[in-house]
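The first residue of the sequence shown is numbered 1, and numbering continues consecutively from there. FYI, side chains are in, hydrogens and waters are out, and symmetry mates aren't considered; it's all heavy atoms of this structure.
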Amino acid sequence: MGGRVRRCAREQRLVIDFLQTLHGSLDLRTVIDTAFPMLLDLVPAEHGALCVSRKGEPGNYDWSMVDFPIDWFSAYEEMAGHDFVRQAVLRQPNTVLRDSEMITRKELTANMMYRRSLDVHMPLEHVMSVMLDVRQSWHAGVTLYRGRRHPFSDDERALLQQLVPSLASAVQNCKLFSDASRAGPMLDAILQQKGIEAVMVGAGCAEVARTRGADALLSRWFAPIELNRAGLPAAVLEQLSAAMRQRAQAPKVPTTFTRLAPPGIELQITLVPLPDGAAPATWAIVLQENPLVPAAWQEVLTPRQSEIASRIVLGWDNRLIADELGCTLATVKKHVLHIYDRLGVSSRSGLCRAAQQEPAPHAAAGARPERPRRPLD
């Protein structure tokens with residue numbers, strides 16, 4: 001903006017305190033109750049309101065008001081077509097507008113909302129408002145009202161405009177947290193199973209939250225070069241982006257794929273669209289490590305034998321197993337004989353049939369790391 005107005009020490013302190021309060025909680029009601037009085041001190045006004053559009057209902061809003069009669073917006077549906085403030089700010093998102101830029105004085109005094117304010121003994125002579133466009137399926141608006149004939153000044157407009165990015169960020173953070181909290185019961189049910197971690201992401205694949213053990217699990221399965229700056233695997237995010245694009249046309253069902261690593265286990269990755277109580281683009285990336293051999297086998301086989309058995313089930317030949325595990329061909333053959341003996345089978349095909357009969361997950365053939373495939377022994 002052209003010339004920035006110099007502010008006194010008290011105003012500077014108020015601005016700092018206001019910004020700290022905005023981000024001091026993830027509960028929107030708490031933020032409104034504590035931050036709005038400070039905003040009304042910075043920009044003197046008798047009343048203030050924050051409205052957030054409801055998911056899938058852009059014409060309907062949830063209101064948080066400061067010093068308003070309790071029934072002020074009870075008839076809003078009837079007044080919506082006469083809401084000159086909403087009509088004006090929707091055309092210029094993230095831009096602070098005053099009533100003189102929305103409507104003439106003559107039109108204002110003839111407007112249904114103005115007449116309604118007189119009926120409830122709360123005259124609204126001047127308005128200043130901004131729509132906070134956070135590029136979500138919803139938006140929010142902040143509006144200040146004066147009941148006396150004292151227009152909002154250029155300086156007051158400039159101050160509110162300066163605060164717009166912080167207001168938008170605070171509302172977005174609170175809304176995302178609220179959406180994540182509503183999705184909590186579903187995540188709790190998913191994560192009650194042992195060994196499961198999850199990362200919750202929102203619009204644009206931006207991370208919202210992750211479980212405590214997700215960092216360690218991702219570092220075990222993905223090299224640093226495979227992770228983006230937020231520590232999420234680029235390949236998984238590509239899959240998630242595709243699932244998000246298809247969600248409008250396809251049923252809301254999870255998408256599952258796997259990744260195999262040398263220790264003889266697979267990483268099962270499931271992309272779960274969260275329920276309608278959450279933001280439309282909120283998904284959970286659910287991560288679970290699964291053994292590639294039945295659990296009962298692990299009780300009779302050594303860890304190395306389990307690794308080799310898992311690869312036999314996948315169709316690997318002895319040479320490929322030796323190369324992957326860093327041991328000699330003779331060592332692998334020796335382990336294979338011990339595996340047959342301990343499991344009571346006599347061949348590779350018998351081992352595969354035994355694995356299919358056990359109640360344990362198995363990776364599909366070809367899910368191993370990409371390497372030249374040798375003919376089976």
What's the verdict on side chain to side chain contact (heavy atoms under 4.5 Å, CB included) for Thr143 and Met128, showing C-alpha distance, side-chain angles and the deciding distance?
CA-CA 6 Å; Thr143 306; Met128 186 162 65; over 6 Å; no
Is it the case that [X] and [Y] place a side-chain donor and acceptor less than 3.5 Å from each other?
| X | Y | value |
| --- | --- | --- |
| Gln298 | Ser306 | no |
| Thr328 | Thr331 | yes |
| Asn318 | Arg311 | no |
| Tyr145 | Glu125 | no |

Val130/Leu132 under side chain to side chain contact (heavy atoms under 4.5 Å, CB included): CA gap, chis, key distance, verdict
CA-CA 6 Å; Val130 58; Leu132 307 175; 4.1 Å; yes
Does [X] reach the main-chain N or O of [Y] with its side chain, forming a donor-acceptor pair under 3.5 Å?
| X | Y | result |
| --- | --- | --- |
| Gln161 | Asn94 | yes |
| Arg342 | Val300 | yes |
| Gln92 | Val89 | no |
| Glu207 | Val201 | no |
| Tyr340 | Leu351 | no |
| Arg157 | Phe152 | no |
| Glu226 | Ala223 | yes |
| Gln305 | His335 | no |

Rounded distance [0.5 Å steps], [atom1] in [X] versus [atom2] in [Y]:
| X | Y | atom1 | atom2 | answer |
| --- | --- | --- | --- | --- |
| Leu108 | Ser100 | CG | OG | 10.5 Å |
| Ser310 | Leu301 | OG | CG | 10.5 Å |
| Met131 | Arg86 | CE | CZ | 11.0 Å |
| Leu320 | Leu329 | CG | CG | 11.5 Å |
| Ile285 | Thr270 | CD1 | OG1 | 11.0 Å |
| His82 | Ile103 | NE2 | CD1 | 11.0 Å |

Can you list everything that forms a salt bridge (charged side-chain N to carboxylate O under 4.0 Å, His left out) with Glu238? Sequence neighbours excluded, please.
none
Applying salt bridge (charged side-chain N to carboxylate O under 4.0 Å, His left out), name anything that partners Arg146, two or more places apart in sequence or on another chain.
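With neighbours one apart ignored, the set is Glu156.
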Can you find a heavy atom in the side chain of [X] that is under 4.5 Å from one in the side chain of [Y]?
| X | Y | result |
| --- | --- | --- |
| Leu227 | Leu232 | no |
| Leu124 | Asp99 | no |
| Leu217 | Arg220 | yes |
| Asp317 | Ile312 | no |
| Leu97 | Ser129 | no |
| Thr34 | Leu22 | no |
| Leu144 | Leu39 | yes |

Minimum heavy-atom separation for [X] to [Y], with atom names?
| X | Y | value |
| --- | --- | --- |
| Ser241 | Cys205 | OG-SG, 3.5 Å |
| Ala309 | Ile339 | N-CD1, 3.9 Å |
| Phe36 | Val142 | CZ-CG1, 3.9 Å |
| Leu40 | His47 | CD2-O, 4.0 Å |
| Asp83 | Met113 | CA-SD, 3.4 Å |
| Gly213 | Glu197 | N-OE1, 3.2 Å |

Checking Arg149 now: which residues fulfil side chain to side chain donor-acceptor pair (under 3.5 Å) with it, not counting sequence neighbours?
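Counting only residues at least two positions away or on another chain, Arg149 forms no side chain to side chain donor-acceptor pair (under 3.5 Å).
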From CA spacing to verdict: side chain to side chain contact (heavy atoms under 4.5 Å, CB included), Ile308, Lys333:
CA-CA 10 Å; Ile308 293 173; Lys333 290 180 177 179; over 6 Å; no
Cationic N near anionic O, under 4.0 Å, Arg98 to Asp154
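Salt bridge between Arg98 and Asp154, a charged N being under 4.0 Å from a carboxylate O: yes.
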Between Arg115 and Asp119, does the salt bridge (Lys or Arg N to Asp or Glu O under 4.0 Å) criterion hold? Intermediate values first, please.
CA-CA 6 Å; Arg115 296 199 303 270; Asp119 290 342; over 6 Å; no
Please assess Leu267 against Leu287 for the test side chain to side chain contact (heavy atoms under 4.5 Å, CB included), listing each intermediate value before the final yes or no.
CA-CA 7 Å; Leu267 178 66; Leu287 309 164; 4.2 Å; yes
